Every structure is written in structure tokens, then in C-alpha cells.
Amino acid sequence: MLQANYIAQNRDAVVAGLQKKHFKETDKVDQIIAIDEKRRKVKYDLDEVLAQQNSIAKEVGQLFAQGKRDEADVLKAKAPVLKEQGRVLQEQLEGLEKEQHELLISLPNLPHSSVPEGRTPEDNEVVKEVGEIPTLADTAKPHWELMEQYGIIDLALGTKITGAGFPVYIGKGARLQRALVNFFLDNAITAGYKEINPPLVVNTDSATGTGQLPDKEGQMYHATIDDFYLIPTAEVPVTNIHRDDILAEADLPIKYCAYSPCFRREAGSYGKDVRGLNRLHQFEKVEIVQFQTPDKSYETLEGMVKHVEGLLQQLELPYRILRLCGGDMSFASALTYDFEVYSAAQKRWLEVSSVSNFETFQSNRLKTRYKGHEDKKTQLVHTLNGSALALPRIVAALLENHQTAAGTVRLPKALHSYLGFEEIG
RNA sequence: GGAGAGAUGGCAGAGCGGUCGAAUGCGGCGGUCUUGAAAACCGUUGGCUGUUAAAGGCCCGGGGGUUCGAAUCCCUCUCUCUCCGCCA
């Protein structure tokens with residue numbers, strides 16, 4: 001969430017930023033500024049009335065203490081008028097605050113200056129491409145056929161138990177999941193991230209804090225009896241660890257990693273790109289999260305990108321890094337790098353990670369601040385997060401890219417000790 | 001799920017309806033002393049809003065009410081603890 005006074009002071013830059021993100025309702029900016037002026041005025045008037053009420057109350061108390069009942073009663077008679085004035089102003093203020101908050105919360109984050117112009121995924125900037133794209137034998141199969149052939153991941157069975165998009169991992173398939181999770185976690189821990197095992201279900205405050213509510217309400221599974229949401233990513237519970245906290249600058253950066261299943265309704269996404277493991281309602285992911293001071297957050301973002309690169313290199317998968325254009329970025333992000341892995345049998349790039357700097361967009365909702373050790377000032381932290389990594393598409397790419405001419409799948413060396421086997425076949 | 005007790009500043013813990021944004025202790029920060037440290041002593045030490053700076057306003061779990069005046073009284077919700085029940 002952007003801050004009203006920032007908007008008022010940087011009106012033109014805010015409008016330009018929103019336009020870069022292809023946010024249409026830029027007139028909301030001027031509305032917010034106008035409401036803010038009105039709000040301040042009403043607040044000032046209300047404070048005056050309250051101050052008068054306070055002083056009368058104090059005087060009445062003193063008069064009573066001195067036994068001057070009559071004078072006290074005279075003063076008391078003045079209170080109802082003020083009270084009524086206060087009530088009216090209070091109502092106005094609450095109305096304005098609500099109106100302003102609704103406008104503010106509907107605005108996306110502003111893009112960083114390095115974000116390329118553009119509207120669609122085609123406009124994303126390819127930052128780098130690494131690794132050889134394998135040439136497979138003519139007999140090569142897409143991952144959904146390999147899954148079925150070796151009986152390691154069963155989508156139909158998941159449909160029977162739950163519904164479409166809830167795979168059942170079996171035997172070496174299950175083992176592969178567990179190996180990848182441990183591999184990712186161990187790498188993160190080595191890189192200095194503290195492991196968190198968070199709740200998989202969160203309350204509305206948490207879902208609002210990281211920006212899932214109100215904008216993505218329909219994308220989360222909602223346990224209505226208790227008003228809890230199934231997490232779409234570990235980012236939600238982990239970032240909320242520091243909701244309403246004031247951190248010490250000396251403790252920053254704070255680095256957390258967390259494994260969790262992720263639940264996404266994916267309402268409205270059907271079609272050809274969702275076959276096999278490409279899009280699921282439940283999947284597993286290791287997430288990395290950092291809290292950092294504003295002056296170092298972009299440095300931190302680069303470090304997180306490096307970390308994800310290291311994982312993909314160890315998994316021997318060809319990948320490319322995209323800097324997302326304004327129109328393709330998420331609501332809350334200021335700068336996002338997407339990682340895509342080449343899926344050799346599908347002959348297409350699959351998004352496997354998204355690493356973002358949210359600057360103060362989340363922390364302003366979360367009220368996660370830090371106190372500087374030099375200037376003692378309390379200000380909002382920057383939050384960052386990234387997948388490191390999400391499993392299904394990695395599994396898809398591993399199966400497809402590492403299939404041999406004989407039809408078996410040779411898994412990368414980095415996983416051998418985690419797997420207890422080297423080959424599926 | 002049933003019965004009872006409670007929720008106050010970083011922590012612990014006071015708080016007759018007015019002088020309480022809140023005693024006291026610990027912790028933190030600054031200083032005196034010391035070669036340095038400890039101890040001792042002195043000072044300082046919440047958040048939000050607002051302003052050039054102030055003043056002012058709001059915050060004692062959340063919401064509502066009574067009152068000229070609420071941390072203190074009433075209602076309600078949430079959470080925590082103890083006992084009982086159920087249970088991995």
C-alpha cells in the first residue's frame with residue numbers, strides 16, 4: 001500500500017508509475033490527494049473539540065475537588081454541545097479515512113525505474129539465458145507421459161480423492177519431492193536463511209498484510225467456518241512473522257526460508273497450458289524471504305537472484321531470467337525477476353521462480369518498521385521474497401530434459417544423495 | 001466442548017472513575033568513575049497522528065456503551081492460563 005503523503009508530494013511520479021504498470025484508474029491519485037486535505041482539516045477540527053472537552057472535564061474535576069458544585073454544574077452543561085460536534089466530526093473523519101483507505105489499498109505498487117515498458121509477457125526483458133537446450137530423441141515424451149509410464153505421479157488418482165490439480169506422488173515420485181525440498185532447504189540454510197515451518201492456514205489480517213486480500217480473494221481456498229485461508233505461498237505466514245514489529249537496524253537483513261505446500265484455486269485458468277504439472281491446485285515450494293533496509297534492498301534482490309541461479313545450475317537445467325515489464329508485474333511488486341526453465345519436450349519455457357522486491361508496499365500494510373541505530377528514526381522496512389524453488393515445473397523439466405534415448409530419466413548428481421537412486425526407469 | 005481466572009509500556013508488575021501515557025523493578029541508551037570492564041551513581045528510555053518546530057489529538061487485547069471525565073464501571077468479541085471432557 002502506498003502512503004498518502006508520499007502520493008501528495010510526488011503526484012506526477014506516482015501517476016507515471018501507475019501508467020507504466022498499466023493501471024487505468026489514475027484519477028484515483030487526485031481523489032486521494034483531495035480526500036487527504038479534507039481529512040486533515042476535519043481531523044484538526046475534531047482535535048480542537050476534543051481538546052475543549054478535555055479541558056472542561058479537567059476543570060470540572062478541580063471544581064468538585066474544591067467543593068464548588070454550582071460552578072461545576074454550569075460547566076457540565078456546556079459538554080453536550082461539544083459532544084455532539086465531536087460526534088459529527090468523528091463520523092466525517094471515519095468516512096473520509098475509510099474512503100481514502102479503500103482508494104489506497106486498490107493502488108498497485110510503483111515500478112522501479114529499471115522496469116521495462118510493456119504490457120504483455122512478450123515485453124519482458126530477457127536479462128540472461130544460461131545452459132544448453134538439450135536436443136532430445138524423436139521418441140522423447142512430455143512429462144505427463146513419463147509420469148504415467150513410470151507410475152510416479154498420478155493425476156487421475158488425485159482427481160478421485162480430491163479433484164483436478166491435486167496430484168498423488170508415488171514411490172520414486174514421492175521420494176523425488178522430498179529430495180528436492182531437502183535440497184532446496186539445505187541450500188537456503190547454507191546461504192544464511194533461517195528455516196521456518198509455518199502454519200499452512202492464516203487469518204484475514206495475515207492475508208491482507210502481504211496483499212492477498214482484498215485483490216486476490218478468489219484465488220485462495222477459504223475455510224469459512226473459522227474464516228481462515230489456505231496459504232497460496234509460504235510468503236504469507238513467513239512475512240507476517242514481523243507484522244506490527246519494530247525491528248532493530250542491527251538485526252537486518254532478516255533472512256527466512258520455509259518449505260510449504262501451496263494451495264491455489266487458479267480460478268479462471270483452463271486450457272492447453274495446464275496439462276500435467278504445469279498448473280496445479282496444490283504444490284510444494286521452498287520460499288525465501290528477506291527484510292532489509294531501503295538502501296540495501298536492491299543489492300539483496302540481486303543476491304536472491306544469484307541464489308536461485310545456483311539451484312538451477314546444480315539441477316543442470318537451462319534457464320533464463322526475465323525482468324518483468326510494467327504490465328506483467330504483480331500488484332505488490334516494485335521489481336520482479338522471473339526464472340524460466342526450458343522444458344525440452346513441451347518445447348517451451350516454464351516459470352519456476354519469481355523473485356521480487358516489494359519495497360515498502362507490504363511493510364506499510366504489515367506495519368513492519370525498523371529503528372535506525374544512527375538516527376533513531378522509525379521507518380518502514382523493505383520486504384523481498386522469491387521461490388527457491390517451486391517443485392512441479394522443476395519436476396516436469398527434470399523428467400523431460402534428462403530423459404535418455406533408452407527412455408529412462410537420469411537425475412542430476414546434486415540430488416543423488418537426497419534421492420537414494422539415480423535413475424527412474 | 002463445559003467451568004473458572006486473566007489480558008497494562010521490550011520484559012516483570014502496580015494502578016480509590018478526575019492530578020495516569022501510566023508507580024516500581026529489570027532491560028536498553030547516554031554520562032560520571034576506571035588503563036579497560038564490572039559494580040555504584042546521575043540522566044534518559046513507547047507507538048500513531050500532526051507541525052518548519054511546537055501545541056494539540058489518539059492508543060492500557062479488539063469493538064461498543066455509561067459519565068462533564070474511563071486503564072479503572074457495563075456489554076460484546078478475541079486470545080491466554082487452570083480444571084474437566086475428547087484426542088494426534
Side-chain angles (χ1 to χ4, degrees), chain A residues 1-9 32-101 103-105 197 199-209 213 223-229 237 240-252 254 261 291 360 362-381:
Chain A
M1 188 165 73
L2 302 175
Q3 296 169 91
N5 57 357
Y6 178 86
I7 293 175
Q9 281 159 27
I32 288 168
I33 295 172
I35 289 172
D36 199 48
E37 265 172 49
K38 222 189 290 178
R39 202 206 90 233
R40 272 170 218 244
K41 203 186 159 307
V42 172
K43 175 89 162 77
Y44 185 84
D45 292 345
L46 174 63
D47 284 355
E48 292 279 281
V49 171
L50 290 174
Q52 283 183 54
Q53 285 184 17
N54 286 342
S55 78
I56 285 180
K58 202 166 272 183
E59 271 184 71
V60 169
Q62 280 163 0
L63 290 173
F64 265 118
Q66 294 162 17
K68 298 178 182 169
R69 273 214 118 76
D70 298 343
E71 287 181 48
D73 285 338
V74 172
L75 257 187
K76 270 166 79 168
K78 292 165 99 174
V81 183
L82 288 172
K83 209 169 183 185
E84 178 58 16
Q85 282 177 10
R87 197 189 58 76
V88 171
L89 288 167
Q90 182 75 44
E91 232 166 63
Q92 275 182 39
L93 181 67
E94 277 167 16
L96 289 168
E97 280 176 345
K98 183 160 174 262
E99 206 180 331
Q100 185 180 45
H101 186 257
L103 285 167
L104 281 171
I105 211 159
N197 191 328
L200 307 180
V201 165
V202 295
N203 59 29
T204 55
D205 282 348
S206 293
T208 307
L213 292 179
T224 52
I225 292 178
D226 295 300
D227 202 15
F228 290 152
Y229 292 89
N240 272 281
I241 287 174
H242 293 301
R243 172 151 48 84
D244 292 323
D245 276 359
I246 298 178
L247 307 164
E249 183 175 354
D251 293 336
L252 300 175
I254 292 174
F291 299 82
T360 60
Q362 290 183 327
S363 61
N364 188 33
R365 289 188 179 201
L366 295 158
K367 300 299 171 229
T368 303
R369 293 150 293 170
Y370 76 97
K371 194 172 271 196
H373 48 207
E374 292 288 297
D375 54 7
K376 306 284 180 212
K377 236 176 61 192
T378 301
Q379 52 183 316
L380 296 170
V381 298

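Chain naming here is simple, since letters A, B, ... match the order of the sequence lines and numbering starts at 1 in each. Because the structure is a prediction, the values reported are computed rather than measured.
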Task: Side-chain H-bond candidate by donor/acceptor type, A:Asn203 with A:Ser206, under 3.5 Å - done: yes
- [ ] Let me know the distance between CZ of A:Arg69 and P of B:C68, rounded to the nearest Å.
- [x] 13 Å
TODO: Starting at CZ of A:Arg243, measure out to OG1 of A:Thr368 and round the result to the nearest 0.5 Å.
DONE: 8.5 Å
Task: Summary of protein contacts for nucleotides 49-58 of chain B, nucleotide by nucleotide, where a base hit scores B, a sugar-phosphate-only hit scores S (4.0 Å, heavy atoms) - done: SSS----BSS
Task: Residue whose closest nucleotide on RNA chain B lies nearer the 5' end, A:Ile246 versus A:Gln53 - done: A:Ile246
Task: Derivation of the side chain to side chain contact (heavy atoms under 4.5 Å, CB included) call for A:Ile7 and A:Ile33 - done: CA-CA 7 Å; A:Ile7 293 175; A:Ile33 295 172; 4.0 Å; yes
Task: Whole angstrom value for the distance that separates C1' of B:G69 from CD of A:Gln52 - done: 16 Å
Task: Nucleotide B:G63, atom C1' - distance to CD of A:Gln90 in whole Å - done: 13 Å
TODO: Counting Watson-Crick and G-U wobble pairs only, both distances under 3.5 Å, name the nucleotide matched with B:G56, or none.
DONE: B:U49
Task: Electrostatic pair A:Asp73-A:Arg69, nearest N-O below 4.0 angstrom - done: no
TODO: Consider only side-chain N and O atoms of A:Gln379 and A:Lys377, and report whether a donor and an acceptor are under 3.5 Å apart.
DONE: no
Open item on the list: Looking only at side-chain N and O atoms, does A:Gln90 offer a donor or acceptor that is under 3.5 Å from a partner on A:Glu94?
Closed with: yes
Task: Watson-Crick or G-U wobble partner of B:C26, both distances under 3.5 Å - done: B:G10
Task: Base paired to B:A40 (Watson-Crick or G-U; both N/O distances under 3.5 angstrom) - done: B:U32
TODO: Return the nucleotide paired to B:A71: Watson-Crick means purine N1 to pyrimidine N3 with N6-O4 or O6-N4, wobble means G-U with N1-O2 and O6-N3, both under 3.5 Å.
DONE: none
TODO: Look through every strand shown and name the nucleotide pairing with B:G1 as Watson-Crick or G-U wobble, where both distances are under 3.5 Å.
DONE: B:C84
- [ ] Using a 4.0 Å heavy-atom cut-off across all strands, classify A:Ala57 as base, sugar-phosphate, or nothing.
- [x] base
TODO: Select base, sugar-phosphate, or nothing to describe what A:Lys83 touches, counting heavy atoms under 4.0 Å on all strands.
DONE: base
Task: Euclidean distance, atom CD of residue A:Gln66 to atom C1' of B:U19 [Å, nearest integer] - done: 12 Å
